[in-house]
2 protein chains.
Amino acid sequence: MPSKPTRDDTRERLIQIAMELFAFQGYAATGLAQIARKAKVLPGSLYYFFPTKEDLLHATLQRRHELLQPEVLDPAWDGVDDPIERVFALLAGYRRMLTLTDFQHGCPIGNLVIEVGNSHPDARRLLVRNFDNWLDAIERCFRDAAPRLPPDHDPRRLAVFVLVTMEGAVMVARAYRNFEAYDAAIIQLRDYLERLLADALAHPQPDKARNAKKRSRRA
Amino acid sequence: MPSKPTRDDTRERLIQIAMELFAFQGYAATGLAQIARKAKVLPGSLYYFFPTKEDLLHATLQRRHELLQPEVLDPAWDGVDDPIERVFALLAGYRRMLTLTDFQHGCPIGNLVIEVGNSHPDARRLLVRNFDNWLDAIERCFRDAAPRLPPDHDPRRLAVFVLVTMEGAVMVARAYRNFEAYDAAIIQLRDYLERLLADALAHPQPDKARNAKKRSRRA
DNA sequence: GTCTATACAACGATAGAC
DNA sequence: GTCTATCGTTGTATAGAC
């Protein structure tokens with residue numbers, strides 16, 4: 001009967017608001033007073049949960065990490081089973097985000113890498129963890145599609161290429177405030193992957209996976 | 001005999017220092033007092049040349065635009081004539097910049113797109129002009145290499161893809177503070193372009209450019 | 001846990017003497 | 001063109017009552 005304060009608590013609200021404002025305005029440009037006001041918390045109370053602004057930053061990055069699967073990957077991949085199509089479904093998700101925010105939100109992780117990566121070492125490590133998490137998911141896609149790809153293509157390296165393309169495409173799209181660059185990049189990336197798929201189809205590998213025992217096959 | 005104040009003047013020093021600090025620390029995190037101190041100018045004098053901080057930002061972006069050719073393209077392309085290799089020579093230039101600054105400088109344009117793109121419309125337009133200038137140079141490379149590429153590949157779209165790859169690769173490299181992601185992205189980009197070159201070589205186009213008059217060739 | 005009140009520094013910007 | 005002095009605001013962070 002005591003306590004049990006509904007859990008939808010002040011702390012949660014602060015993290016939520018901070019995530020939005022850091023993504024929208026940047027870290028330095030967002031004041032703690034503004035966060036407190038929007039969260040309907042008075043500035044003094046903010047320091048009860050987060051002694052420093054950096055503590056709050058860390059909390060938002062931890063939260064971003066937890067939310068990747070349920071709020072980014074799951075919605076993007078709903079109804080999409082093909083692993084290669086999942087890659088492009090995720091890229092379409094970021095395009096949709098740009099539309100919904102009129103190019104005002106970028107990738108929250110990439111934004112902060114640039115803004116605080118130099119000056120906040122702990123935050124940088126958390127940002128890396130977020131990238132790793134993202135890369136793991138895309139690497140799995142390419143691993144699942146491995147039989148359809150040329151054998152010398154490392155799934156991790158392909159995943160990195162997709163991350164790089166996404167981050168670059170989001171940035172350039174925001175600069176121009178239109179989708180020309182974003183769509184151009186995705187067209188080229190798709191063209192590349194389709195060429196890899198076609199190449200693997202034209203030169204099928206002697207699937208060493210199935211009968212790995214009889215590996216002595218010379219001439 | 002009067003005036004002629006050596007031209008290596010205060011204003012130049014301010015722009016130079018501001019360019020460095022905006023690139024290194026970001027726009028919001030750089031104070032005018034800090035700029036003045038480093039340039040050995042007193043804060044009051046700064047406002048003689050640049051009434052507002054934003055005016056100084058605009059001046060640095062204008063300067064970046066002017067410096068692309070002499071300070072970025074020319075050094076990267078020294079001794080490199082092949083247009084495709086020029087693309088990779090430029091990407092190697094950004095890699096070198098990351099090495100020299102221990103991953104602390106990114107692309108000055110990309111950084112500012114993210115930091116001030118939303119809130120400073122005039123600066124955003126200048127940033128776009130910088131991107132356009134960069135894209136023009138790379139587009140020319142692909143245009144020069146057009147006979148060696150498949151005919152359905154727009155040079156501008158390829159240039160955009162290179163810009164996107166560069167910006168994303170620089171960002172991700174800075175997050176990890178190593179070159180794994182950067183090199184992975186460049187390997188994939190090179191693989192893609194080599195596949196395009198090989199494809200064009202395998203399927204030579206019936207060069208319609210040379211004899212454009214006899215275009216009625218059915219069955 | 002939440003509130004009021006406030007300390008203290010740094011910010012962008014200005015006025016005016018020289 | 002350069003300097004001194006300073007305004008008003010906002011920033012992060014604290015102290016302490018409730």
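A quick note: this is a predicted structure, and the numbers were derived from the prediction, not measured. Keep in mind that the numbers below use all heavy atoms, side chains included, and drop hydrogens, waters and symmetry copies.
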ask   = How long is the line joining OH of B/Tyr47 and C1' of C/dC11, in whole Å?
value = 8 Å

ask   = Would you find more than 12 non-hydrogen atoms of other residues, nucleotides or ligands less than 6.0 Å from B/Arg96 atom CZ?
value = no

message = Expressed as a whole number of angstroms, how long is the span from A/Leu32:CG to C/dC8:P?
response = 19 Å

Minimum-distance nucleotide (side-chain atoms of B/Leu42 versus D/dC3, C/dG12, C/dC3) = D/dC3

message = Measure NZ/B/Lys40 against P/D/dT2 and give the value in whole Å, please.
response = 15 Å

ask   = Do A/Asn118 side-chain atoms and B/Phe24 backbone N/O form a donor-acceptor pair below 3.5 Å?
value = yes

query = Going by heavy atoms closer than 4.0 Å, what residues in residues 48-55 of chain A are next to DNA chain D?
reply = A/Thr52, A/Lys53

ask   = Under 3.5 Å, is there a donor-acceptor pair linking the side chains of B/Tyr47 and B/Asp55?
value = no

query = If you look at every strand shown and take non-hydrogen atoms under 4.0 Å, does B/Gly31 touch a base, only sugar-phosphate, or nothing?
reply = sugar-phosphate

task = Examine C/dT2: is either OP1 or OP2 under 4.0 Å from a nitrogen or oxygen in the side chain of A/Thr10? Give yes or no.
result = yes

message = From the set D/dG11, D/dT2, C/dG12, return the single nucleotide nearest to any side-chain atom of A/Ala33.
response = D/dG11

ask   = How close or far is atom P of C/dA10 from atom CD of B/Gln34, stated in whole angstroms?
value = 12 Å

query = Please give, in whole Å, the distance from D/dT14 P to A/Leu46 CG?
reply = 13 Å

ask   = Does atom CD of B/Glu180 have more than 12 heavy-atom neighbours from other groups under 6.0 Å away?
value = no

request  = For atom CZ of A/Arg177, decide whether the heavy atoms of other residues, nucleotides or ligands shown that lie under 6.0 angstrom number more than 12.
outcome  = yes

ask   = Can you name the one residue among A/Leu57, A/Leu56, A/Ile35 that meets side-chain contact (heavy atoms from CB on, under 4.5 Å) with A/Thr30?
value = A/Ile35

